[in-house]
Amino acid sequence: MSEISELTSADKEFLQQYLPPPRPEDTLKERRRGLPFVTLTYASSLDGMISLAPGLRTNLSGPETKSMTHYLRLHHEAILVGVGTAIPDDPGLNSRYPGATLEKQPQPVIIDPNRRWNVGDSKVLKLAQQEQGHTPWIITAKTARISPPTTEEVNGQNFELRPLIGRTRVAASGDGETMPVEWLDWVDILKHIKRMGINSVMIEGGATIISTLLSLPHLVHSVIVTVAPTWLGEGGVAVSPAQKREEGERVNAARLEETAWRQFGADAVLCGRLLQE
Ligand SMILES: NC(=O)C1=CN([C@@H]2O[C@H](COP(=O)(O)OP(=O)(O)OC[C@H]3O[C@@H](n4cnc5c(N)ncnc54)[C@H](OP(=O)(O)O)[C@@H]3O)[C@@H](O)[C@H]2O)C=CC1
Ligand SMILES: Nc1nc(O)c(N)c(N[C@@H]2O[C@H](COP(=O)(O)O)[C@@H](O)[C@H]2O)n1
């Protein structure tokens with residue numbers, strides 16, 4: 001039996017005002033900006049961690065909040081994760097909410113500038129083959145060393161590469177060495193997604209992507225965080241936006257307003273909107 005069950009009408013009512021409007025493209029402001037409705041959503045421990053260690057899939061959500069996640073997936077046109085999540089978690093990225101037909105499934109989108117993810121072995125592709133989800137779109141950087149064609153075939157199934165012109169920036173590795181990495185601007189990523197016909201995107205992680213977007217409040221419409229009653233402990237992967245300074249002084253990096261809390265099983269769910277700068 002599926003562990004995903006229907007939400008109560010009170011749960012749905014609680015979430016309603018944080019969901020994308022029925023036709024977000026109708027919002028004049030958004031149409032002008034050419035951007036989709038963006039929801040950030042993830043599950044956190046009480047010490048602000050989203051996994052026990054880098055690359056370790058960690059279950060934080062209980063059955064009720066897992067059901068909520070699948071309800072939210074059904075109410076967005078796309079689900080997006082980074083390659084740092086796609087590789088270790090091998091997520092399904094479909095909605096298993098009762099009544100989710102193929103037509104209603106969200107489009108999986110993976111940010112993988114350097115084409116590190118092995119899509120051929122992925123659960124996403126298997127689910128697409130079983131018509132329980134769509135074939136993924138992979139956003140690569142055009143300047144990636146492996147220059148990709150637009151579509152590739154794996155196990156008889158086509159999946160789509162959606163190259164986007166990246167910028168190269170220098171990053172430091174753990175041993176102090178520096179190396180060039182492909183980096184994509186979030187306005188470019190979101191405009192790219194919108195141009196492909198997506199009006200709403202649920203961004204699930206991981207830590208790098210969520211932390212980056214918490215510092216870009218003008219691109220985010222809703223934030224929905226599951227807080228699980230547990231501490232993961234030192235060495236976990238934390239969601240934490242970059243430091244912020246005003247007139248040289250440290251200030252809070254991000255804040256939610258219009259907040260609402262509700263208990264789902266043992267977990268708490270916090271919804272809000274990022275305070276605009
Ligand atoms: N509890 C929860 O709700 C969730 C937990 N997780 C956990 O999070 C962890 C993964 O987090 P993390 O390692 O930070 O991985 P992410 O999924 O955030 O992916 C990070 C990678 O994505 C690419 N990327 C991200 N942003 C950009 C950009 N703007 N331009 C270009 N490339 C970009 C880079 O790839 P490259 O390295 O090739 O440059 C980067 O290293 C896992 O342990 C996972 O289990 C994930 C989702 C939800
Ligand atoms: N909401 C939520 N709670 C957790 O406890 C999690 N670990 C995650 N992780 C995210 O969900 C993806 C797994 O998706 P599937 O169920 O396999 O479709 C995982 O990759 C993270 O993005 N989320």
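Start at 1 and go down the list; that is how both ligands and their atoms are numbered.
Ligand 1 has an N or O atom lying under 3.5 Å from an N or O atom of Ile50, backbone or side chain. By the 3.5 Å distance cut-off applied to N or O atoms, Thr208 is counted among the residues near ligand 1. In terms of N/O distances under 3.5 Å, ligand 1 is not approached by Ile189. Annotation: Pro88 places no N or O atom under 3.5 Å from an N or O atom of ligand 1; distance criterion only. The shortest N or O to N or O distance between Arg57 and ligand 1 is not under 3.5 Å. Ligand 1 has an N or O atom lying under 3.5 Å from an N or O atom of Asn114, backbone or side chain. Residue Pro54 places no N or O, backbone or side chain, under 3.5 Å from any N or O of ligand 1.
Comparing Gly82, Ser61, Pro113, Ala238 by heavy-atom distance to atom 23 (C) of ligand 1, the nearest is Pro113. Taking all heavy atoms of Val81, Asp89, Leu60 into account, the minimum distance to atom 45 (O) of ligand 1 is reached by Asp89.
Of all the heavy atoms of Leu184, the ones lying under 4.0 Å from any atom of ligand 1 are found in both the backbone and the side chain. When heavy-atom distances to ligand 1 are checked against a 4.0 Å cut-off, Ser51 comes that close only through its side chain, counted from C-beta outward.
Checking side-chain atoms of Thr259 against main-chain N and O of Gly272 turns up no donor-acceptor pair under 3.5 Å. The backbone N or O of Trp117 sits less than 3.5 Å from a side-chain atom of Asp112, completing a donor-acceptor pair. Remark: the backbone N or O of Pro91 is not paired with any side-chain donor or acceptor of Asp89 at under 3.5 angstrom. Under a 3.5 Å cut-off, the side chain of Gln105 and the backbone N or O of Ser95 do form a donor-acceptor pair.
Donor-acceptor pairing under 3.5 Å is lacking for the side chains of Lys244 and Asn252.
For ligand 1, the atoms lying closer than 4.0 Å to a non-hydrogen atom of Gly55 are 43 (O).
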Contacts table for ligand 2: protein N or O within a distance under 3.5 Å of ligand N or O, distances only.
| residue | atom | partner | partner atom | Å |
| --- | --- | --- | --- | --- |
| ligand 2 | 1 (N) | Ser61 | OG | 3.3 |
| ligand 2 | 1 (N) | Thr69 | OG1 | 3.2 |
| ligand 2 | 3 (N) | Ser61 | OG | 2.6 |
| ligand 2 | 5 (O) | Leu60 | N | 2.6 |
| ligand 2 | 5 (O) | Ser61 | N | 2.9 |
| ligand 2 | 7 (N) | Thr58 | O | 2.8 |
| ligand 2 | 11 (O) | Glu204 | OE1 | 3.3 |
| ligand 2 | 14 (O) | Arg73 | NH2 | 3.0 |
| ligand 2 | 16 (O) | Arg96 | NH2 | 3.0 |
| ligand 2 | 17 (O) | Arg57 | NH2 | 3.4 |
| ligand 2 | 17 (O) | Gly92 | N | 2.9 |
| ligand 2 | 18 (O) | Arg73 | NH1 | 2.8 |
| ligand 2 | 18 (O) | Arg73 | NH2 | 3.4 |
| ligand 2 | 18 (O) | Gly92 | N | 3.1 |
| ligand 2 | 18 (O) | Leu93 | N | 3.0 |
| ligand 2 | 18 (O) | Arg96 | NH1 | 3.1 |
| ligand 2 | 20 (O) | Asp89 | OD2 | 3.0 |
| ligand 2 | 22 (O) | Glu204 | OE1 | 3.2 |

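The side chain to side chain contact (heavy atoms under 4.5 Å, CB included) test with Leu72 is passed by exactly one of Leu7, Leu19, Thr39: Leu19.
The minimum heavy-atom distance between His221 and Arg273, with the atom names listed, is O-NH1, 3.2 Å.
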